[in-house]
Amino acid sequence: MKLNHLVESQQLSVEIILSLFKRADEFRDSADKPLTGKILAALFYEPSTRTRLSFESAMMKLGGNVISTENAKEFSSAVKGESLIDTTRIISAYADIIVIRHFETGAAKQAAAVSPVPIINGGDGSGQHPTQALLDLYTIRKETGRLDNLTIAMVGDLKNGRTVRSLCYLLGKFKNIKIIFVSPENLSIKDDIKDYLMRHDVQYEEQTDLNKCLPLADIVYMTRIQKEQMTAGEYNKAAGIYKIAEENFKLLKSSARLLHPLPHVEEINLPLKTEQTDERVAYFRQAENGLYARMALLAYLLE
Ligand code: CP
């Protein structure tokens, strides 16, 4: 069944995922403009570099136009007390599709419930970030050639990290996946994700020693400690515990790939030369893949 909105990763079937990847590959070398005349509204209540700009670039490359509020919390009528529901109803009269990033979990779902045009969740609080998961999975396939038979170490703030949550939901759709969760004690993965993985026969374990896990992983998925989602006390307890630097980066298999949704701060500290020359560093290619994955999604929802 065709999707009207994308608010959570679980909506994406394997069939849709594979067709989006095929389309994303095609868009790399195509000058087609299938969305000429269409308008994307980017409604962002939280900061963003990659998600907002890659969606905007994707829409323009497809021939469409963009209207954008980069700081809706401060510069939209939310300041005057307008609800997200009313804002969505208004913007849906101005645009053919809306990408929303919001600080509240469930915001995109609320918007989708009242919107006559497609809503894409560009990240909602500590809920989900399904297009990040889509581009992460697209990157995993491009880099390793497969989506089954993978061991993935997920490292960092697994409690608040919406990208990890969305990626787990997608990985649950593939075979022989093993996930190793490595997090500070106070930021471990939540039970709803563990329950989902159990129900979908995904093996997982929780570990504390990152260096023991690095040689086992096909993919190391690092994440930032989400300072903005916690108290100073919680942050101080968790910051700096897990890092990839020169001394432990060499523990990765030669075929492994280091991914990160970005932005990264102290949890990755590799020399520029390593980032530029070691093919195991995949996070800049990952961010670029986001452009093509989002082009494919916009075309899917609007054509
Ligand atoms: N990965 C990601 O969502 O990046 P931005 O916050 O820059 O959009």
Side-chain angles (χ1 to χ4, degrees), residues 6-9 12 20 24 40-61 66 68-75 97-108 111 119-140 142-143 152 154-171 187 219-230 235 244 257-268 275 281-298:
L6 179 59
V7 298
E8 53 189 23
S9 291
L12 293 165
L20 290 173
L40 165 86
L43 180 58
F44 276 60
Y45 292 81
E46 275 188 339
S48 166
T49 297
R50 279 146 291 272
T51 309
R52 186 170 70 85
L53 295 180
S54 65
F55 263 118
E56 293 186 4
S57 175
M59 191 59 171
M60 290 185 213
K61 279 177 174 282
V66 172
S68 191
T69 58
E70 65 195 62
N71 184 356
K73 203 171 172 182
E74 222 176 298
F75 297 123
I97 190 162
I98 304 173
V99 184
I100 298 181
R101 171 169 290 188
H102 202 278
F103 46 89
E104 275 179 16
T105 302
I119 297 290
I120 298 174
N121 182 0
D124 62 329
S126 55
Q128 284 216 32
H129 194 348
T131 66
Q132 179 68 46
L134 191 66
L135 77 90
D136 293 341
L137 201 66
Y138 181 52
T139 302
I140 290 170
K142 282 200 98 52
E143 297 286 333
I152 300 170
M154 295 188 168
V155 186
D157 183 353
L158 307 182
K159 179 180 166 197
N160 300 298
R162 56 197 176 198
T163 70
V164 163
R165 295 174 56 75
S166 286
L167 185 54
C168 284
Y169 282 121
L170 287 195
L171 289 169
L187 298 178
I219 300 290
V220 177
Y221 190 90
M222 290 298 291
T223 64
R224 180 177 64 88
I225 305 296
Q226 310 255 319
K227 194 174 185 176
E228 66 279 15
Q229 303 272 8
M230 62 189 76
Y235 180 74
I244 298 280
R257 292 292 182 268
L258 177 60
L259 267 59
H260 192 306
L262 302 178
H264 81 69
V265 283
E266 63 189 4
E267 69 280 358
I268 295 183
E275 285 194 321
V281 176
Y283 39 86
F284 289 104
R285 295 192 295 278
Q286 179 186 0
E288 186 186 345
N289 288 338
L291 175 63
Y292 302 107
R294 287 173 173 136
M295 286 173 82
L297 181 67
L298 291 176

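What you see is a predicted model, and the numbers here were worked out from it, not measured in a lab. Order of appearance sets the numbers: ligands from 1, and atoms from 1 within every ligand.
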Between OG on residue S57 and OH on residue Y292, distance to nearest 0.5 Å:
8.5 Å
Note: G106 and D124 closest approach over all heavy atoms is N-OD2, 2.7 Å
CD1 of I98 to CG of N121: how many Å apart, nearest 0.5 Å?
13.0 Å
Residues with a heavy atom under 4.0 Å from ligand 1, by chain and number, are S48, T49, R50, T51, R101, H129, Q132, P261, L262
If the plane angle is over 60° it's perpendicular, under 30° parallel, otherwise tilted; pick one for H102 and Y45.
tilted
side-chain contact (heavy atoms from CB on, under 4.5 Å) partner of R294, chosen from L134, I120, L40, T51
T51
Which residue pairs pass the salt bridge (Lys or Arg N to Asp or Glu O under 4.0 Å) test with at least one member in residues 162-171, sequence neighbours excluded?
E46-R162, R165-D192
